Amino acid sequence: MRNVLFVLSGPSGVGKGTIAKKLIERNNIALSISCTTRLPRNGEIDGKDYFFISKRQFVDKIKKNGFLEYSEHFGNFYGTPKDFVENHLADKDVLLEIDVDGGLNVKKNFTDAILIMIVPPTLNDIKKRLESRNTESDENIKLRMERIDYELGKKSEYDYVIVNDDLSDAVSEIEKILKKEKAKKGE
Ligand code: 5GP
């Protein structure tokens, strides 16, 4: 069965990170490491958390068509390096954990990518979680909710939508999807 590139997206707070961790523990999957022009934070390691590169190197890589997708956040560039993904696909499935816009951009460059969106059982769950953190202002919660609405609005452009009601169910569902997609691509 051929290896596949798959993207996990979904609103923040939906549990993507935990799902990704479980998938990697249980399967032969590599997590893609992005390039960024921002400086490493305390404890971050080059080549593990990100590939930390200069703006000049980033622009050079854009010109050489070296990213599957990239975007700017808070004045820094972030991108998914094509070479890293392609090298790992030789012997593993590759997982990208990126936002919905990033996922849709990946699909444009890599049409075989499988886009999976993780959604909460109800919108209220996420809202409650945001409010109970007590760290966000009302305005911030409103902005985050608008972002969630925006991301969920792109659901129909994704290949699969998984409701994260129960962690192990969500992980098994994704494993089934991978098995099916790998078989489809088969030798
Ligand atoms: P941070 O600086 O906090 O690590 O990340 C800032 C933002 O960059 C987050 O929203 C994160 O999802 C986004 N990001 C990280 N890597 C990539 C990437 O490869 N592509 C895109 N489009 N965004 C990324």
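Just so it is clear, the model here is predicted, and its values are computed rather than measured. When a ligand or atom number is given, it counts from 1 through the structure's own listing order.
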**Proximity to ligand 1 by part of R41, non-hydrogen separation under 4.0 Å** =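 Just the side chain.
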Which of the ligand 1 atoms, numbered from 1, are nearer than 4.0 Å to a heavy atom of [X]:
X: R38; answer: 1 (P), 2 (O), 4 (O)
X: G79; answer: 18 (C), 19 (O)
X: T80; answer: 19 (O)

**Message:** Looking at Y70, I'd like to know if its OH atom is crowded, meaning that more than 12 non-hydrogen atoms belonging to other residues, nucleotides or ligands lie closer than 6.0 Å.
**Reply:**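 Not buried by this count: 12 neighbours or fewer within 6.0 Å.
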**Request:** To the nearest 0.5 angstrom, please state how far the CG atom of D83 sits from the CZ atom of F51.
**Result:**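 Rounded to the nearest 0.5 Å, the CG-CZ separation comes out at 8.0 Å.
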**Request:** Could you tell me the separation between the CD1 atom of I174 and the CD1 atom of I19, rounded to the nearest 0.5 Å?
**Result:**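 Rounded to the nearest 0.5 Å, the CD1-CD1 separation comes out at 5.0 Å.
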**Asked** Does the protein put a heavy atom less than 4.0 Å from atom 13 (C) of ligand 1?
**Response**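 Under 4.0 Å from atom 13 (C) of ligand 1, at least one protein heavy atom found.
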**Request:** Might you check, step by step, whether the distance between atom 3 (O) of ligand 1 and some protein heavy atom is under 4.0 Å?
**Result:**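 True for atom 3 (O) of ligand 1.
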**Request:** Please assess K107 against D112 for the test salt bridge (Lys or Arg N to Asp or Glu O under 4.0 Å), listing each intermediate value before the final yes or no.
**Result:** CA-CA 7 Å; K107 188 95 175 183; D112 276 355; over 6 Å; no
**Asked** Which option, E72, E97, E44, E69, owns the non-hydrogen atom nearest atom 21 (C) of ligand 1?
**Response**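 The residue whose heavy atom sits nearest atom 21 (C) of ligand 1 is E69.
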**Prompt:** In a check of salt bridge (Lys or Arg N to Asp or Glu O under 4.0 Å) between D60 and each of K64, K63, R56, which one passes?
**Reply:**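 The residue from K64, K63, R56 that satisfies salt bridge (Lys or Arg N to Asp or Glu O under 4.0 Å) with D60 turns out to be K64.
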**Request:** Would you please determine whether G102 falls within less than 4.0 Å of ligand 1 on a heavy-atom basis?
**Result:**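 It does not; every heavy atom stays at 4.0 Å or beyond.
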